[in-house]
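Take a look at the structure below.
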Amino acid sequence: MKSLEELKQIRERMLSQLGPRNESDAKIRVVVGMATCGIASGARPVLLALSDAVQKKGLNDVMVTQTGCIGLCQYEPIVEVLEAGKEKVTYVKMTPEKALEVVDRHLMRGQIVSEYTINQYIK
Amino acid sequence: MTELSLHVLDVVENSIHAGATLIEITICAKVKNDVLMITITDNGCGMTNDVLEHVTDPFFTTRKTRKVGLGIPFFRYAALSCGGHFSITSHPGAGTKVEADFSLSHIDRLPLGDITGTMYTLITCNTQTDFVYIYKIDDRTFTLDTRQVKEILGGIPLNTPEVLAYLKEYLTENKKIVDNGYIL
């Protein structure tokens, strides 16, 4: 059984590295809508896929977090990518698979995955 | 909603919006008594009796983005539709307690589903809030108290990648031990 002992070891390891990162260090914020509408349409697996991928790929300047209802319930699950100095990108009708594509193309290579953005749906 | 754990995620969002600093989530199954109980207790701002009377009404919400509030009505319906009970008690300034119980064997009872995913999401996205998570089947219990975790970590944030990976495994493995092959 995994015990809290292991946490102490993680702490020691982290302290020996140079300064643990701060939330404010994050350059990109990825926000998933997590109100009833989002949750019912599958936001939880999308958020879990995003945070897993960001961890695995070691994207230390990306923070994945949640928010309430964005007000576009019919387009849930919605993922917003917020980056200082850039316009907000809103991805709609997301799935874990699409989310991984956003990680690869947008978060890692800086290319907006335009086929999943809201602009594709409201023309 | 297809899983009870999604209802938990949804209802706990209310606690977070109510400014709770401590939220206790208990999943307790008694197989012999054929009952599954889910309790969510928070120390948020609470509600007056006036508001409390309306929370099970789908056309009541305090939110401005839309006119409906389905979290509580959905959860209540999930309990009542399988011979269970639902109650919500609240005191302004003290907090709110939501309790639902379900008949384990009822054909219409939703599966609990990915409760680990729900807890992981809640804990890692709301690092300012503390959670006590109790997962219990018969006499097997697993408890996670984020206050304890934070104390061990000292100043290291909960959402550090190494800590996130640890938490996910910790939740998954301990649940498996409590489950002991039983699927809620």
Side-chain angles (χ1 to χ4, degrees), chain A residues 1-15 17 19-26 29-60 62-74 96, chain B residues 1-3 5-11 13-14 16-17 61 63-66 68-75 113-114 116-118 120-122 124-127 142 144-145 148-157 159-174 176-177:
Chain A
M1 175 146 139
K2 224 169 168 56
S3 71
L4 288 172
E5 264 317 296
E6 282 175 56
L7 256 188
K8 291 182 185 156
Q9 293 162 17
I10 292 177
R11 175 168 188 267
E12 299 308 317
R13 256 202 327 270
M14 298 297 301
L15 286 178
Q17 291 167 10
R21 78 180 182 137
N22 244 312
E23 270 182 32
S24 52
D25 290 348
R29 285 181 61 224
V30 180
V31 179
V32 183
M34 276 282 195
T36 308
C37 48
I39 294 169
S41 39
R44 188 184 64 191
V46 169
L47 186 136
L48 291 174
L50 282 168
S51 62
D52 271 1
V54 164
Q55 262 179 70
K56 273 197 196 110
K57 314 231 165 174
L59 306 178
N60 286 326
V62 178
M63 194 177 88
V64 181
T65 186
Q66 62 174 44
T67 187
C69 176
I70 297 165
L72 299 161
C73 310
Q74 66 274 39
Chain B
M1 302 273 178
T2 51
E3 296 175 3
S5 62
L6 291 173
H7 286 291
V8 173
L9 180 60
D10 193 15
V11 171
E13 296 297 332
N14 294 338
I16 291 163
H17 288 296
T61 182
R63 190 187 22 239
K64 304 280 188 290
T65 47
R66 52 186 152 82
V68 292
L70 296 170
I72 291 286
F74 273 174
F75 191 36
D114 186 12
T116 297
T118 285
Y120 180 81
T121 305
L122 285 170
T124 59
C125 288
N126 303 283
T127 51
F142 155 52
L144 177 70
D145 186 335
Q148 217 182 340
V149 172
K150 283 177 187 167
E151 200 188 302
I152 294 174
L153 284 174
I156 294 170
N159 49 7
T160 313
E162 287 84 346
V163 178
L164 290 177
Y166 168 85
L167 282 174
K168 182 166 255 181
E169 259 182 75
Y170 186 77
L171 287 165
T172 307
E173 285 184 20
N174 285 290
K176 218 177 263 174
I177 290 165

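By convention in this document, chain letters (A, B, ...) are assigned in the order of the sequence lines, proteins followed by strands, and residues within each chain are numbered from 1.
- Ranked by heavy-atom pairs shorter than 4.5 Å toward chain A, the options B:H7, B:E3, B:M1, B:H17 are led by B:M1.
- With a 4.5 angstrom heavy-atom cutoff, B:T172 does not touch chain A via any of its atoms.
- Only the side chain of A:S51 comes within less than 4.5 Å of a heavy atom of chain B; its backbone N, CA, C and O stay farther away.
- Aromatic rings from B:Y170 and B:Y120 are positioned such that their centres are separated by 6.0 Å or more.
- Contacts between B:V11 and chain A at a heavy-atom distance below 4.5 Å are absent for every atom of the residue.
- Residue B:T121 comes nearest to A:M34 through the heavy atom pair CG2-CE, 3.7 Å, listed as atom of the first residue, atom of the second, then distance.
- When only modelled atom types and interatomic distance are considered, B:D114 and B:S5 share no side-chain donor-acceptor pair under 3.5 Å.
- Heavy-atom distances place the side chain of B:K168, and not its backbone, under 4.5 Å from chain A.
- Of the listed residues (B:L144, B:T118, B:V163), the greatest number of heavy-atom pairs within a distance under 4.5 Å of chain A belongs to B:T118.
- The candidate from A:V54, A:L7, A:L72 with the greatest count of non-hydrogen atom pairs under 4.5 Å with chain B is A:L7.
- When all heavy atoms of A:G33 and A:A43 are compared, the closest pair comes out as O-CB, 3.4 Å.
- B:E162 and B:T160 share no side-chain donor-acceptor pair at under 3.5 Å.
- One finds a salt bridge joining A:K8 and A:E5 here, because a Lys/Arg side-chain nitrogen approaches an Asp/Glu carboxylate oxygen to under 4.0 Å.
- Using a 4.5 Å cut-off between heavy atoms, B:E13 contacts chain A through its side chain alone, with no backbone atom that close.
- At a 4.5 Å heavy-atom cutoff, B:N14 makes no contact with chain A through either its backbone or its side chain.
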